[in-house]
Amino acid sequence: MSILKRLQGGEENNPSSSSIGGSGIARRVSAPAPTGMQSAYQDLKNRVQNKLLASLDQNTDVRKTAEVRRQIQELFEQILTEENIVLSRPERAKLFEQIAAEILGLGPLQPLLEEDSITEIMVNGAKNIYVERKGKIYRVPVSFESNEHVMRIIERIVAPLGRRVDESSPYVDARLMDGSRVNVIIPPLSLVGPVITIRKFAKNPITVEQLIQFGSITPEAIEFLKGCVIGRCNIVISGGTGSGKTTLLNVMSGFIPADERIVTIENAAELQLRQEHVVTLESRPPNIEGRGEITIRQLVINALRMRPDRIVVGEIRDEAALDMLQAMNTGHDGSMTTAHSNSPRDTLSRLETMVLMAGMDLPVRAVREQISSAVDLIIHQERLRDGSRKVVNITEVTGMEGEIITLTDLFIFEQTGYENGRVVGRLRPTGLRPRFMEKLEMAGVNLPPSIFGVGDRRR
């Protein structure tokens, strides 16, 4: 991609399109510098940036980040010398980083993307930017120059993926190069200007050990879940928005044996599986004529013809639930997916509703029998009031009693207090062993009775 295309719309000839965000002296803080000083700094930044862009080869491939960054650094120093611009070393470094972020990164958002403590970035129009740290939301002293500047950054995000955002398609799901999830919605649907929500992914995927260290889950529960994955149980991970479903799905997918063929299906590819034999499929929105859409449901149906040992669906949110249940019931054991819900029982209700969305006019009892036969385990996560994300239920789907699907909690999070702003508690076993233990043992998984709490207690 050339520099000219990268700047989307001739930024090099429009001084007002430069960023004033990022870190450094141009960053807007609670006690801003006088307007004249800000204006003088902005004018300096615009002049240096425009001259730099005029000096760069417009056909330079900005994907070669290190090489382009060296070129920018050399030209930057040269321009400051020619213009006889005197800056302190910190000011010079900060000015360079801001200009480099405009050319190579996402402008004012680049410093936030590089800060490891930030897990989510929320842009509500040009002037209001919020971040999430440790489950809590904070406003940050960073801003874009205008809504047009935000739109250029949005175009930079979605264009390489073949996606578009305009009045005919005013919202889109996309991803960054590192796999971070991006949602964009623009006017006229958004009344506050262009809105960007970025769910950041850790540069190094979160490990089992880190989940245990964070208190999200216990070693005993992890050992049990690992056995369930190896033993080919069908698993649904449920929870609210931002509760950590995809992170847990990624960790659990790592338990799948390396000699199995895995097909992953997602709206925007986020899963980071480490196995060698992985096929990643991604849905596609309709084109500008409204054609060419490929849905999750179509990909699930196609995946059945790809000889998968495991099917992992990033999230079930519509009639694709019917085909996912059919896959689980027709020999594709060990499949996994996530779903939005408020509890394990609510997960069953949502699955039932999504199956009925397929328009097959199935009797409710038949749908419930499909669900109870297909799903072995529901793992429910919540983001608690202190911002921490924890597994609060590991629940077995045990069958049907009359018209009702029966559930049995195997592990429950028990809160014991609230100290120093933190929820205190532990995911404890209920003392019951799952009915599919025989299935696990046939797969060579032998779990000690102590994992389930009270001796060798059986139902």
Side-chain angles (χ1 to χ4, degrees), residues 117-120 131-138 199 202 206-229 233 235-252 255 315 336-351 375-398 405-434 447-455 457 459:
S117 65
I118 293 174
T119 53
E120 195 130 11
V131 300
E132 180 191 79
R133 290 188 180 94
K134 297 182 179 179
K136 298 288 187 178
I137 294 177
Y138 305 90
R199 176 80 51 82
I206 291 178
T207 63
V208 174
E209 291 74 19
Q210 287 176 306
L211 283 183
I212 294 171
Q213 180 184 341
F214 297 156
S216 299
I217 197 167
T218 61
E220 295 80 11
I222 280 289
E223 188 175 351
F224 170 63
L225 295 180
K226 182 177 181 180
C228 291
V229 173
C233 292
I235 299 171
V236 177
I237 300 172
S238 62
T241 299
S243 59
K245 299 185 299 297
T246 303
T247 298
L248 182 60
L249 179 62
N250 206 54
V251 168
M252 291 185 58
F255 298 144
E315 183 184 343
M336 290 185 280
T337 188
T338 72
H340 279 79
S341 72
N342 296 321
S343 68
R345 174 64 62 184
D346 188 46
T347 303
L348 298 178
S349 299
R350 284 220 64 222
L351 285 173
V375 180
D376 295 309
L377 203 66
I378 298 173
I379 305 166
H380 189 71
Q381 291 212 168
E382 288 184 7
R383 181 164 59 175
L384 304 182
R385 58 177 175 165
D386 64 349
S388 63
R389 298 168 172 86
K390 296 185 187 296
V391 174
V392 295
N393 291 89
I394 299 178
T395 304
E396 181 188 8
V397 180
T398 53
I405 301 174
T406 55
L407 299 176
T408 299
D409 286 325
L410 303 176
F411 292 82
I412 298 177
F413 181 78
E414 190 175 70
Q415 183 173 335
T416 56
Y418 192 78
E419 298 176 2
N420 301 319
R422 305 293 293 176
V423 170
V424 179
R426 181 177 173 84
L427 185 67
R428 63 170 182 82
T430 61
L432 299 173
R433 289 161 57 98
L447 299 173
S450 58
I451 283 181
F452 304 103
V454 186
R457 180 177 173 182
R459 290 179 224 163

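This one's a predicted model, so the numbers in the text were calculated from it and none came from an experiment. In what follows, every heavy atom counts, from backbone to side chain, and hydrogens, waters and symmetry copies are set aside.
Looking only at side-chain heavy atoms (C-beta outward), His340 and Thr241 come within less than 4.5 Å of each other. Between His380 and Ser238, some side-chain heavy-atom pair lies under the 4.5 Å cut-off. The side-chain heavy atoms of Glu382 and Phe413, taken from C-beta on, include no pair separated by under 4.5 Å. By the 4.5 Å heavy-atom criterion applied to side chains, Ile217 and Phe411 are not counted as neighbours. No side-chain heavy atom of Leu211 sits less than 4.5 Å from a side-chain heavy atom of Val391. Contact check for Arg345 versus Asn393: no side-chain heavy atoms found under the 4.5 Å cut-off. By the 4.5 Å heavy-atom criterion applied to side chains, Leu225 and Met252 are counted as neighbours. Annotation: side chain of Ile118 is not in contact with side chain of Tyr138 (no heavy-atom distance under 4.5 Å).
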Item to check | Worked verdict on Val375 versus Thr347 for side-chain contact (heavy atoms from CB on, under 4.5 Å) | outcome: CA-CA 11 Å; Val375 180; Thr347 303; over 6 Å; no
Checklist entry - Would Glu120 and Arg383 count as a salt bridge (charged side-chain N to carboxylate O under 4.0 Å, His left out) if you check the C-alpha gap in whole Å, the side-chain angles of each, and the deciding distance to 0.1 Å? => result CA-CA 14 Å; Glu120 195 130 11; Arg383 181 164 59 175; 5.5 Å; no
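In this structure, Asp409 and Leu432 approach most closely via the heavy-atom pair O-CD1, 4.3 Å. The minimum heavy-atom distance between Leu384 and Lys390, with the atom names listed, is CD1-CD, 3.6 Å.
In this structure, Gln381 contributes its side chain and Gly239 its backbone to no donor-acceptor pair below 3.5 Å. Judged purely by atom type and a 3.5 angstrom limit, Asp386 uses its side chain to pair as donor or acceptor with the backbone of Val423. Not a single donor-acceptor pair under 3.5 Å links the side chain of Glu223 to the backbone N or O of Glu220. In this structure, Thr408 contributes its side chain and Glu396 its backbone to no donor-acceptor pair below 3.5 Å. A donor-acceptor pair under 3.5 Å is formed between the side chain of Arg389 and the backbone N or O of Gly242. With hydrogens and angles ignored, the 3.5 Å screen pairs no side-chain donor or acceptor of Ser216 with any backbone N or O of Ile212. With hydrogens and angles disregarded, a donor-acceptor distance shorter than 3.5 Å links the side chain of Thr398 to the backbone of Thr406.
Screening Ile237, Ile206, Thr338, Ile235 against Leu248 for a side-chain contact (heavy atoms from CB on, under 4.5 Å) leaves a single residue, Ile237.
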